[in-house]
Amino acid sequence: MSVLSGWAQTDVDTLAHRLLDDVEVTAHAPSSDITSPAPTRSIDRERMQRLGLTALPDALRQLAGVTVRDYGGIGGLKTVSVRNLGAHHTAVSYDGLVVSNTQAGQIDLSHYQLDNVSRLSMAVGQADALLLSARHYASAGVVTITTDETGGGGSVSLRGGSFGYVSPSLRYRQRLGQTTALCLDGSLLRADGDYPFTLRNGSVVTRERRLYSDMEAWQGEANLRHAFADGARLHVKAQAYHSERGLPGGVILYNKDNRERLWDENYVVQALYQRPLGKALSMAARLRYDHAWNRYEDINVKYAGGRQVDLNHQTERYASVSVAWQPVRTFGVALAEDVAYGTLRNNIYVGADPERWTSLTALSARYSASRLTLDAHLVGTLSQDRISRSGAVSQEMDSRRDHRRLSPALSASWKVLPGETLYLRAMMKHTFRLPSFNDLYYRRFGTVSLRPEQARMYGLGVTWSGTIYNKVFVEATADGYLSHVHDKIVAFPSAYVWRMMNFGRVAMSGLETSVQARWPLVTGWNVDVTGSYTLQRAVDKTDPQRSYYNQQLPYTPRHCAAVSAIVQTPWLSLGYSMQACGERYSAVLHNADSRMKPYAEHNITLSRDFRLRWGELGLSASVMNLADTQFDIIQFYPMPGRHWQAGVTLKF
């Protein structure tokens, strides 16, 4: 919302002047979701709180075009993808730097909490900015996490709920002068995770509990922000994360004894430095060091000695420099260069010990006039893998593997009428993803000759915002798209074992729509409603002779929808959200065994804020899965039924 204030002057014919009171005129400024050439969706901190959203995957499910895979329980793996291209094609940006995982190629969203997140957005293509790193441009989609700006004060919160869930958190903000601020965040989380579910075995129906799904985790973060006298800004972040969790595995009849466990540790230091270099030039430099360790343990008689232990040590060193030149208001160009070096040491690659050097170069340009915006960029990728020559794996691979690619993209937005906030937008983007270390080198499963997976994306959309009935402000978007994936990396049976192969071709098309309406009723009363709907078709185009040719991909529903509403009153806030998912299949063969039923999950939250002399007190209570619906997002990994959470927050 923009606010304009001005001076009024009258009685000009008498040459007398009278100074009138300020006149405040309010108007709704269209969000970047409406004006951006690339499809963008976002949700802010206040909305997440009013809807009772405490986990990052739950917030992402509110956005059209986003697919979240969840393996059940509070400690289950959670990944995100855009337009069914897969989690490997989706980047996660945390306060300006893209997070990486060379081993698995996808980011586990369960590591992130929403306590200090001020805004969460998803962009197909790239974020709506010029001075980005090359990694931002290289992915098919970008999920951007932005944390609160530091200031004075702090907060203490405590949440608790069903299945032994307890999560305290502490936030302290301190100004270290006029231009420097420090923010410290810390949180703990524990849960038993032993929720009930219904198990059906033919005509026999029993009530079971999800065992071995416990989790304990802690994380801490420190943010230091400083503004220099020459206009430069520095943001340094340090993170630490540790968790231990049970892995209950899929539900298997007559077998409740799953004894898998996973330990994770992650330590990150990153810095973002931005500086103007004159009236037309600006630059940004990024540094990041990431060390991850995990231990997987499975106790089972099928292993020699009755126990299997996998240990992984992963490190990445990353640097990026971007320079932008904007000689006039309507035109700008930028050049970004990223270099990353990643290593992995473990006891399961049979002597591979892979290392990867990656260089990304992005040249981008933007033209923005009164009604037309054009964005274009070209990304050049050079990747080089090195492995040790010891062990059995060296018999089938060279010690060096190189990849080189050029990936272009173009997007445009056109304001149809000068006086109306009505835009047409179009985009084209080529991208690819490198095989992960697991794809290439995992014991008796990886295939060292894999080629990168290539994707071509095309889209056309319309956006509009305006006021109806003189008081209801509405934003609406509709985007259609086509995507093609070549050299898709899939697991394929070969001889006695499954191997990773470039065997797949996939064609995807769909329609994404979203609507948001804000309606001020009377003083102190407001209604805010959002809705999104996704129609998608993602089919296999690999081999016409196969029975699953032209069939919908596994875990890809044709229909998805989300609805949320917030009713704000002078006494409390009522939030409601619903996520619905249509029928889908867990395998390439569509039959009764692989069919997964549609489901809808309803959540409700009540919250109230109290202003105190020394701060603010916030209370909230939520009931999730209100109808106690049993459903799986991944087959045989049942999600929790009806459960509750309550929280209290003190801000000072």
Side-chain angles (χ1 to χ4, degrees), residues 55 57-58 61 67-79 108 110 161-165 189-216 244-262 296-303 306 308 491 552-557 559-560 578-603 622-645:
D58 296 333
R61 289 192 188 103
T67 300
V68 176
R69 290 196 176 184
D70 191 329
Y71 286 79
I74 194 168
L77 174 68
K78 298 166 177 61
T79 63
D108 184 1
S110 66
S162 303
F163 321 125
Y165 172 78
L189 184 152
R190 76 157 309 276
D192 300 325
D194 56 347
Y195 52 88
F197 68 97
T198 300
L199 180 62
R200 303 181 185 276
N201 181 17
S203 60
V204 179
V205 179
T206 59
R207 193 67 171 166
E208 309 287 344
R209 296 195 74 86
R210 192 74 163 131
L211 303 178
Y212 309 108
S213 189
D214 61 291
M215 182 175 183
E216 291 187 3
E244 178 185 352
R245 69 185 84 178
L247 302 177
V251 173
I252 303 175
L253 296 174
Y254 313 116
N255 182 10
K256 302 179 182 179
D257 188 21
N258 191 83
R259 304 181 64 183
E260 298 172 85
R261 296 198 70 79
L262 180 66
Y296 166 81
E297 180 179 282
D298 186 16
I299 299 176
N300 197 299
V301 295
K302 65 182 180 181
Y303 302 117
Q308 170 72 24
Q552 191 86 339
L553 293 183
Y555 296 111
T556 305
H559 308 278
C560 289
M578 183 275 293
Q579 296 85 40
C581 183
E583 174 187 82
R584 61 251 193 263
Y585 291 85
S586 63
V588 293
L589 294 177
H590 292 188
N591 53 39
D593 292 333
S594 64
R595 179 181 180 270
M596 300 181 67
K597 295 180 180 180
Y599 70 86
E601 183 183 19
H602 304 266
N603 310 305
S622 305
V623 179
M624 279 73 75
N625 199 351
L626 193 62
D628 199 22
T629 302
Q630 179 169 318
F631 65 96
D632 299 2
I633 295 178
I634 302 297
Q635 193 174 37
F636 307 127
Y637 287 80
M639 299 294 290
R642 184 188 300 116
H643 57 290
W644 63 271
Q645 284 187 12

Below 3.5 Å, can you tabulate the donor-acceptor pairs from side chains in residues 595-602 to any protein atom, sequence neighbours excluded?
from: Arg595; atom 1: NE; to: Glu583; atom 2: OE2; distance (Å): 2.4
from: Arg595; atom 1: NH2; to: Glu583; atom 2: OE2; distance (Å): 3.1
from: His602; atom 1: ND1; to: Tyr576; atom 2: OH; distance (Å): 2.7

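With values rounded to the nearest 0.5 angstrom, Ser594 atom OG is found 7.0 Å from Gln635 atom CD. Of the inter-residue distances, the one linking Ser162 atom OG with Asp194 atom CG reads 10.5 Å to the nearest 0.5 angstrom. We find the CG-CD distance between Leu199 and Glu208 to be 5.5 Å, quoted to the nearest 0.5 Å. Of the inter-residue distances, the one linking Glu297 atom CD with Tyr303 atom OH reads 10.5 Å to the nearest 0.5 angstrom. Between the CG atom in Asp628 and the NE2 atom in His643 there is a gap of 10.5 Å [rounded to 0.5 Å]. How far OG of Ser213 is from OH of Tyr637: 11.0 Å, rounded to the nearest 0.5 Å.
In this structure the side chain of Asn300 never reaches within 4.5 angstrom of the side chain of Gln308, judged on heavy atoms. Contact annotation: the side chain of Arg245 approaches that of Ser110 to within less than 4.5 Å [non-hydrogen atoms, C-beta and beyond]. Using a 4.5 Å heavy-atom cutoff, the side chains of Thr556 and Arg584 are not in contact. Leu247 places none of its side-chain heavy atoms less than 4.5 Å from the side chain of Tyr212. The shortest side-chain heavy-atom distance between Pro554 and Val588 falls under the 4.5 Å cut-off. In this structure, the side chains of Thr67 and Tyr555 stay at 4.5 Å or more apart for every pair of heavy atoms. By the 4.5 Å heavy-atom criterion applied to side chains, Val68 and Gln579 are not counted as neighbours.
Classified by interplanar angle (parallel below 30°, tilted 30° to 60°, perpendicular above 60°), the ring pair His590/Tyr585 is parallel.
Across Gly582 and Pro557, no two heavy atoms sit closer than the pair O-CB, 3.7 Å. The minimum heavy-atom distance linking Arg61 with Asp58 is given by the pair NH1-OD1, 2.5 Å. Contact record, Pro638 with Tyr195: O-OH, 2.6 Å, taken as the closest heavy-atom pair. Summarising the geometry of Cys581 relative to Cys560, their closest heavy-atom pair is SG-SG, 4.3 Å, with the distance given to 0.1 Å. Nearest heavy atoms, Asn625 versus Asn603: N-OD1, 2.9 Å. Contact detail for Phe636 and Arg210: the closest heavy-atom pair is O-NH2, 4.0 Å.
In this structure Asp192 satisfies the salt bridge (charged side-chain N to carboxylate O under 4.0 Å, His left out) test together with Arg190, sequence neighbours excluded. Every residue two or more places apart in sequence or in another chain was checked for a salt bridge (charged side-chain N to carboxylate O under 4.0 Å, His left out) with Glu216, and none qualifies. Applying the salt bridge (charged side-chain N to carboxylate O under 4.0 Å, His left out) test to Glu260 and every residue at least two apart in sequence or in another chain returns nothing. Under the rule for a salt bridge (charged side-chain N to carboxylate O under 4.0 Å, His left out), Asp632 has no partner lying at least two apart in sequence or in another chain. In terms of the ring pair (Phe, Tyr, Trp, His ring centres under 6.0 Å) criterion, Tyr165 has no residue partners (sequence neighbours excluded).
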- Give the C-alpha distance, both sets of side-chain angles, the deciding distance and a yes or no for side-chain contact (heavy atoms from CB on, under 4.5 Å) between Met215 and Leu262. CA-CA 10 Å; Met215 182 175 183; Leu262 180 66; over 6 Å; no
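At distances below 3.5 Å, not a single donor-acceptor pair connects side-chain atoms of Asp214 with backbone N or O atoms of Ala191.
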